Amino acid sequence: MNSILAPIFTRRSIRQFLPSTLTEAQLRDLLEAAMAAPSACAKDPWRFLVVQEKAHLTALAAGLPNGAFLKDAAAGIVVCGDLQAAHDGQLSFLLQDCGAAIENLLLAASLLGLGACWLGVHPRQERIEQLRHLCRIPESILPVAVIALGRPGEEKPPRTRHQDAFVRRETW
Ligand SMILES: Cc1cc2nc3c(=O)[nH]c(=O)nc-3n(C[C@H](O)[C@H](O)[C@H](O)COP(=O)(O)O)c2cc1C
């Protein structure tokens, strides 16, 4: 692993959080990083819903089968997309753009010393509906994922999952 790329290898999914709150400056930094991501034709269809109230986080966690630990997080950022804003009105562009924003957000969290984990929502319809209900997200806005954020309660080693077998040259 090239040490210049350490910030990439150091980012890991953190699923244990210590009690904490996020400052407005930290939130701003995270959202600025997310919105620095590439997006198709720079349409920036991403939208972000910040959840910090304990009771709200607990309710959201209950609707995410693999995200129970969201209840211990300082914040959850629901990353959504606006299909009307997406390039060519295409769901695929919306999802690719939101994915790029999410990775930027996760890298920024790691660089700021925060723990973070991507919690899958789309395409699980029941999770989408639950989030719509709890966060009053309109039909025109698609929740894609929730990012749990907080003071890390666990440490994980840097790593890559590089495999030579996943790489072809010139032709398949
Ligand atoms: C689309 C997507 C959905 C994910 N959903 C969850 C989830 O619901 N719960 C969870 O704990 N981790 C979730 N993850 C995180 C992955 O489990 C994690 O990235 C993977 O195990 C690799 O570990 P690392 O992030 O530490 O490198 C998700 C990741 C992606 C990209």
Side-chain angles (χ1 to χ4, degrees), residues 1-18 20 22 30-31 33-40 45-51 56-83 86 90-135 137 141-167:
M1 289 186 281
N2 184 334
S3 60
I4 292 174
L5 303 178
I8 290 174
F9 303 126
T10 302
R11 181 220 56 81
R12 296 295 310 277
S13 290
I14 296 301
R15 300 183 176 87
Q16 290 172 31
F17 297 105
L18 300 172
S20 67
L22 291 193
L30 293 167
L31 292 168
M35 290 187 246
S39 79
W46 43 58
R47 306 289 182 262
F48 303 88
L49 195 156
V50 179
V51 176
H56 202 185
L57 287 169
T58 303
L60 256 55
L64 297 168
N66 303 316
F69 51 90
L70 178 64
K71 69 179 185 342
D72 304 319
I77 297 185
V78 188
V79 181
C80 304
D82 180 342
L83 196 55
Q90 298 264 8
L91 176 64
S92 176
F93 284 126
L94 178 154
L95 294 172
Q96 292 174 69
D97 296 345
C98 285
I102 290 168
E103 180 64 4
N104 266 20
L105 206 164
L106 294 174
L107 286 169
S110 174
L111 284 162
L112 293 169
L114 296 167
C117 189
W118 181 327
L119 304 178
V121 175
H122 188 273
R124 304 284 183 215
Q125 207 54 38
E126 67 285 359
R127 298 183 202 177
I128 293 172
E129 293 312 323
Q130 178 78 340
L131 273 168
R132 277 198 198 293
H133 172 67
L134 291 171
C135 300
I137 298 170
I141 302 295
L142 179 67
V144 174
V146 179
I147 311 305
L149 292 152
R151 198 166 130 225
E154 61 176 335
E155 271 186 39
K156 292 184 175 178
R159 70 164 187 204
T160 173
R161 299 195 302 288
H162 177 274
Q163 292 195 39
D164 285 330
F166 289 174
V167 183

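Every value quoted in this text rests on a predicted model; they were computed, and no experiment measured them. For ligands, and for the atoms within them, numbers begin at 1 and follow the listed sequence.
Ser13 contributes no side-chain N or O that, together with a main-chain N or O of Cys117, makes up a donor-acceptor pair within less than 3.5 Å. Remark: the backbone N or O of Leu106 is not paired with any side-chain donor or acceptor of Ser110 at under 3.5 angstrom. Asp72 places no side-chain N or O within 3.5 Å of a backbone atom of Leu18 that could act as its donor or acceptor partner. Checked by atom type and distance alone, the side chain of Arg12 never pairs as donor or acceptor with a backbone atom of Glu155 at under 3.5 Å.
Of the N or O atoms in Gly120, one or more lie within a sub-3.5 Å distance of an N or O in ligand 1. Of the N or O atoms in Arg127, none lie within a sub-3.5 Å distance of an N or O in ligand 1.
The two residues Ala145 and Ile102 have their closest heavy-atom pair at CB-CD1, 3.8 Å.
Of all protein heavy atoms, the one closest to atom 25 (O) of ligand 1 is Ser13 OG, 2.6 Å. The nearest protein atom to atom 9 (N) of ligand 1, hydrogens excluded, is given as Asn66 O, 3.0 Å; this is a heavy-atom distance. At the top of the distance list for atom 13 (C) of ligand 1, counting protein heavy atoms only, stands Trp118 O, 2.8 Å. What sits closest to atom 27 (O) of ligand 1 on the protein, heavy atoms only, is Arg11 NH2, 3.0 Å.
Residue contact annotation: Lys156 has no non-hydrogen atom under 4.0 Å from ligand 1. Contact between Cys117 and ligand 1 is present, with at least one heavy atom of the residue lying under 4.0 Å from the ligand.
Taking the side chain as every heavy atom from C-beta outward, Leu119 and Phe69 approach each other to under 4.5 Å. Residues Ile147 and Leu149 are in side-chain contact: their nearest non-hydrogen atoms beyond the backbone lie under 4.5 Å apart.
The heavy atom nearest to atom 23 (O) of ligand 1, out of those in Arg12, Arg15, Arg159, is found in Arg159.
Protein heavy atoms are absent from the space less than 4.0 angstrom from atom 20 (C) of ligand 1.
Residue contact check: Phe69 has heavy atoms under 4.0 Å from atoms 11 (O) of ligand 1.
With hydrogens and angles left out, the side-chain atoms of Gln130 and Glu126 include no donor and acceptor closer than 3.5 Å.
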